[in-house]
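Everything on this sheet refers to the single structure shown next.
If you read the sequence from its start, that first residue is 1, and numbering goes on from there.
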Amino acid sequence: MSEASPGNMTSADEANSPGAGLLPPLPAPAFEGTTHTFWTRRDGAPGSITSLAQTKDGYLWIGSSLGLYRFDGLRFATYPFGPADRQLPSLDIAALSADPSGGLWIALRNTAVVHLNANGTSTHYGRDSGLIPNTLDGIFVRPDGSVWVTGGSRLFRLEGERWIDLREKDGLFSGGIFSVLFDREGNIWVGRDKRLAILRKGANRFEDLPYAVHYVSSIVQSKTGEIWVADAWRSVRSLSDKSSKGAFHLEGKAELLVDREDTLWIAQDDEGLARIRNISDPGKKLSIETAGLADLSARETHALLEDREGNVWVGTDRGLDRFKKTPFIPFRATELRFFPSLIAADDGSVWINSHGSSLMRVLDGKTTPIGPHVNTGPLGKRRNGDICFADLTAYELQCYGSSATREKLPDAMQHVPPKSLIEDTDGSLILATQGKGIWRYADRQWAPFNQVGHSLGGPWSLYSDASGRLWLGYGENKVVVRDEGSYKELHVQDGLWSNTLAFAEGAATIWLGGSNGVCFVDGQSLHRMHTLDRDLLLGTSGIAFDRFGSMWLNSAAGVLRITPNEIIRLKKDPSYLVRAEVFDENDGLVGLPTQYKRTPSAITDSRGNLWFATSGNVVSLDPSRLGVRATLPSVLIENVLVDGRPVVQAPGLPGAVLHTSSARFHDLEINYIGINLSAPERVRYRYRLMGENMTWQDAGSRRQAFYTRLSPGTYQFQVSASNGGEWSDLAAPLRIEVEPAFYQTGWFRALCVLALGACAWLILSARTRFVTEQLHSRLSERLAERERVARELHDGLLQGFQGLMMRFHLATQAIPRSEPSRAEMEQALDRADELLIESRDQIKHLRYETLVPLSLYEAVSQLQEELGSHGSARFSVTAQGAARDLNPLSYPEIYAIAREGILNAYKHSRATKIEVTIAFNPRRLTVRVLDDGRGIPPDTRQFKGTSDHWGIAGMHERAENLRAEFRISSPAEGGTLILLVVPAVVAYTTSPKSFWQRLLHRN
């Protein structure tokens, strides 16, 4: 093989050697620019597919001879989906058509039509609705909602609940009807037996057109309005084509589809699938592509559909096929082995190294081999445009461009794999090796790249940025940068980093890619990038920027695109979760990028195209042709289960409400979906239940939400889905109304509160009775003790004293009256009589005999007469409230405290006014003694036990026995205030009645 130097490039002599060349090219796919995926019975897909339709909610519906299926991109479901769904009259489905309101119309071959409404109900039309007994062939729903059916060589239109047969009165005479088209202008085209008819907009009758046709099995309209027909056993052609040959020969019937790019797809019944490109571009030749046997799940194709995302679906006898457009162009000029290396030259070309082939220069779609067969190794570019390559097995450096260079590596570098090759700022080449460190090539000499004070070792990757800094990426969580001659080591602090595989400069900073993700330089720090899917960035060995400012990553998850807005947000907030658009096997990308061998695995050429290398593959992409990528997922609630039972019919409809009671369920399960037929496995979800939690819960790819024992109330379930871009929300939240069980109602709680109150009242009453009984017992014991003391004083001391006085009286009688001693004795005996009377009175007070039957008010009022001789103070007694009978056990103690206070005021206070207030309250008895005297010292008020103040101590003791509040204080205006507060249960004969007692007593 001989090869001239490309451009101003001069190749080495070995470029013309017989061994130079490429491996055989790869076969081209059936349909360029598409990827093919298929599902068969092992995936749950039906066979013998007859029709396809996509409803407003995004589901793909599949009609087959064995029933109706629904596909969400991942799972197939067989109708009916639940007990609430009505069975179809037959499993043999002829045709499907979606209506604008979200429903699905089904034509069954046994002369029946079923309408599955968007609200989950269904309507069945049989022969009694106007359908003629015969086999149905097709069903069509126009944008205005009108429904049409073909079958038995007739055309029917639904009016109300009846099907109207369009026959002679509409210009459709006898003869078969094989196909129908409702064009964009409002005309109706009908393919008949050897005729083509049209009902023009506004007309009342069909008219036959002067076209020679045989059996028109399908009619479609191109973007320019051209009508194309499939004339069975003849050809596919446009009506403007007058030739007999047409654009494509048919061996049988065919179904046609014109996609959004004006490509005509042809399902050839038993002859596979074909497509014709450029059908509306008169300046281009028609491009016809045909699928081989290996390009379809089966050769027999019967149904075609383009979904709203631009995918073309084909129903076959064995399953379902999808052809998805891809912006990536695979490199097929030769077979690529191992992990290819890439580098972009200044002239717009891209150089590729593949094990076992010559170096390849790719420019304008043409691939030119350069030099002999080589192994693998790194590619590098000099600033003058030369391309250099370090061969792994030849152990030589090859350079192509302004001059041809082939230099053997030094002996010390033999059997050492080279890993990265760049040009330094001084024009020398720097080569990083595995195990032998870094070497410099200058002036045709190799020398170790030693740096005083730094042991650089062998890095995995090298990079020289626009400002001349040298970056070295290592495998031990270490990055080294040389800036103005000095070296500095940087570390990624946020978690494990491992090895650095690639560098790139863009968005005014340096970016690093490695096995554990991506990070960027911010000053002297390295910040890790985080995405919504935490594993998305793993294995990034290539980073490139396009001319629009987007970042492209070649990672283990696929090729990722990050928009400039996302990069700006990341640089402002390194914790921001970046959204990335993912391209993977669905887009024609196969294999993983290198994790060890020569990097980078992503580059941008001088014309702005992007190139990505994976195991045995290279693809390119023109970002200007990418356009708006993904359609947002259609978010729906699939079903709602309470304790494993479905409870909501058509929950995906806006306004769906779940009514339940907390007494009737334990577990709530909500199944949701974000329908994306292009890449359903990329869809991520988040959800929240307003009323239970306000924050979004990241569900990843999980499509269920679970809740247990919700409290009574109203909730709103919200769910969003994203395929890497914006979030798509549920059209209307699912409302959940949980009615309280009887034990969660307000009235039940009120009854519980009342019951608890009653229990507390009973406990308090019992406690009060117990305390009262104890107090009464103590007072009874005290009273009994007083009576015993009084009896002993009366029967003992007073009787003895009286007997003694009688003896003294007899002795006095014996003394002559003239004696002065007699008069003294008589005076002493008179005084003794007075003391005896006073003693008897004290004993009566001790027994409280003087108080009965006086009330407290009366008893206190009489103290003025008793104590009047002790002073001239004004004395007043006031009663407040309704007087109540006092407990006979408590009465003496209360009276004694009041008497002692009044007596102290008379004897010691020098008061001019003494006021006594007795207040009867349902809850307490209050006795208040106030004088305007000189007051009592603070230390004496609290005194409870010396010989000088036994009265105050006694009052304290009596109050303690009564469980009463007792205070002695001196008001600011002077004097003394004695306050006694006795609880009603102690003071009165009966305690006050509660509200309920009074109510019951009243009734």
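- Crowding of K56 atom NZ: a count of heavy atoms from other residues, nucleotides or ligands under 6.0 Å not exceeding 12.
- Under 3.5 Å, the side chains of N499 and S515 contain a donor-acceptor pair of N or O atoms.
- The distance from atom OG1 of T34 to atom CG of D587, rounded to the nearest 0.5 Å, is 11.5 Å.
- S575 and D573 share a side-chain donor-acceptor pair at under 3.5 Å.
- Classification of the F328-F583 ring pair by plane angle, with boundaries at 30° and 60°, yields perpendicular.
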Please step through side chain to side chain donor-acceptor pair (under 3.5 Å) for the pair S620 and N609, ending with a clear verdict. CA-CA 7 Å; S620 62; N609 296 316; over 6 Å; no
Between L526 and L512, does the side chain to side chain contact (heavy atoms under 4.5 Å, CB included) criterion hold? Intermediate values first, please. CA-CA 9 Å; L526 295 177; L512 292 74; 4.2 Å; yes
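- With no hydrogens or angles considered, no side-chain donor-acceptor pair links D321 and W313 at under 3.5 Å.
- The shortest side-chain heavy-atom distance between I279 and K223 does not fall under the 4.5 Å cut-off.
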I would like to know whether F545 and W511 meet side chain to side chain contact (heavy atoms under 4.5 Å, CB included); could you show each step before the answer? CA-CA 11 Å; F545 286 83; W511 301 82; 3.5 Å; yes
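- Within 6.0 Å of CZ on R607 lie more than 12 heavy atoms contributed by other residues, nucleotides or ligands.
- Between F323 and F31, the ring-plane angle classifies as perpendicular under the 30° and 60° cut-offs.
- No side-chain donor from either of H36 and D295 sits under 3.5 Å from a side-chain acceptor of the other.
- With contacts defined as side-chain heavy-atom distances shorter than 4.5 Å, the pair I343/V350 does not qualify.
- With 3.5 Å as the limit, one finds a donor-acceptor pair spanning the side chains of S297 and T316.
- Between the side chains of S541 and T594, no donor-acceptor pair is found at a separation under 3.5 Å.
- A distance-only check finds no donor-acceptor pair linking the side chain of S606 to the backbone of D347 [under 3.5 Å].
- Between the CE atom of M360 and the CD1 atom of I370 there is a distance of 10.5 Å, given to the nearest 0.5 Å.
- The aromatic rings of F76 and W39 stand perpendicular to each other, their planes meeting at an angle above 60°, with 30° marking the opposite boundary.
- S461 contributes a side-chain N or O that, together with a main-chain N or O of T500, makes up a donor-acceptor pair within less than 3.5 Å.
- No more than 12 heavy atoms of other residues, nucleotides or ligands lie within 6.0 Å of CZ in R318, so this atom counts as exposed by the packing criterion.
- Pairing each heavy atom of I567 with each of G549, the nearest pair is CD1-O, 3.7 Å.
- A donor-acceptor pair shorter than 3.5 Å cannot be found between the side chains of S287 and N278.
- Checking side-chain atoms of N671 against main-chain N and O of Q704 turns up no donor-acceptor pair under 3.5 Å.
- Without hydrogens or angle criteria, Q595 side chain to G539 main chain gives a donor-acceptor distance under 3.5 Å.
- Within the 4.5 Å cutoff, the side chain of F503 has no heavy atoms near those of the E505 side chain.
- The existence of a salt bridge linking D43 and R75 is excluded, since no basic side-chain nitrogen approaches an acidic carboxylate oxygen closer than 4.0 Å.
- Within the 4.5 Å cutoff, the side chain of R70 has no heavy atoms near those of the I62 side chain.
- With contacts defined as side-chain heavy-atom distances shorter than 4.5 Å, the pair N586/R322 qualifies.
- Side-chain atoms of L305 and L60, non-hydrogen and from C-beta on, do get closer than 4.5 Å to each other.
- Considering only heavy atoms from C-beta on, Y685 comes within 4.5 Å of I673 through its side chain.
- Under a 3.5 Å cut-off, the side chain of S634 and the backbone N or O of D57 do form a donor-acceptor pair.
- With respect to K325 and E32, no salt bridge is recorded, no charged nitrogen being found less than 4.0 Å from a carboxylate O.
- A distance-only check finds no donor-acceptor pair linking the side chain of T326 to the backbone of G33 [under 3.5 Å].
- Figure legend: R703 and Y672 shown without cation-pi pairing, the cationic atom not lying both under 6.0 angstrom from the six-membered ring centre and within 45 degrees of its axis.
- E309 approaches I675 most closely through the heavy-atom pair OE2-O, 4.4 Å.
- A perpendicular orientation is assigned to the rings of H355 and F338, their planes being inclined by more than 60° (bins at 30° and 60°).
- Taking a 6.0 Å sphere around CZ of R534, one finds it holds 12 or fewer heavy atoms contributed by other residues, nucleotides or ligands.
- Not one N or O on the side chain of D364 forms a donor-acceptor pair closer than 3.5 Å with the backbone of S349.
- Between I266 and I276, the closest heavy-atom pair is CD1-CD1, 3.9 Å.
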Checking I352 against R361 for the side chain to side chain contact (heavy atoms under 4.5 Å, CB included) test, could you report, in this order, the C-alpha distance in whole Å, the side-chain angles of both residues, the deciding distance, and whether it holds? CA-CA 7 Å; I352 303 174; R361 176 177 178 266; over 6 Å; no
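- Taken from CD1 in I510 to CD1 in I543, the straight-line distance is 10.0 Å, to the nearest 0.5 Å.
- In this structure, E726 pairs ionically with R579, as a charged nitrogen and a carboxylate oxygen lie closer than 4.0 Å.
- Proximity of a side-chain donor or acceptor of R528 to a complementary backbone N or O of N516 within less than 3.5 Å is detected.
- Side-chain contact, S720 with D729: a donor N or O sits under 3.5 Å from an acceptor N or O.
- With a 4.5 Å cut-off on side-chain heavy atoms, Q54 and L677 count as touching.
- Note that the CG atom of L304 and the CG atom of L273 stand 6.5 Å from one another [nearest 0.5 Å].
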Report the C-alpha separation of Y576 and E566 in whole Å, then their side-chain angles, then the decisive distance to 0.1 Å, and conclude whether the side chain to side chain contact (heavy atoms under 4.5 Å, CB included) test is met. CA-CA 9 Å; Y576 172 68; E566 291 293 293; 2.9 Å; yes
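- Between the side chain of T509 and the main chain of V521, a donor-acceptor pair closer than 3.5 Å is present.
- The CG atom of D259 sits 9.0 Å away from atom CG of L264, with the distance rounded to the nearest 0.5 Å.
- Judged purely by distance below 3.5 Å, without hydrogens or angles, the side chains of S624 and R547 pair a donor atom with an acceptor atom.
- Judged by distance alone, the side chains of D262 and S222 never bring a donor and an acceptor atom under 3.5 Å apart.
- With ring centers used as reference points, F71 lies 6.0 Å or more from W61.
- Between F339 and P593 the shortest heavy-atom distance is CE2-C, 3.8 Å.
- Panel note: side chain T334, backbone L22; no donor-acceptor pair is recorded below 3.5 Å.
- Nearest heavy-atom pair, T563 versus S550, reported as atom, atom and distance to 0.1 Å: CA-OG, 3.8 Å.
- Checked for salt-bridge contact, R682 and D584 meet the test: a charged N lies under 4.0 Å from a carboxylate O.
- Once rounded to the nearest 0.5 Å, the distance linking CZ of R337 with OG of S357 reads 7.0 Å.
- Nearest heavy atom pair, residue F548 against residue P623, reads CE1-C, 3.9 Å.
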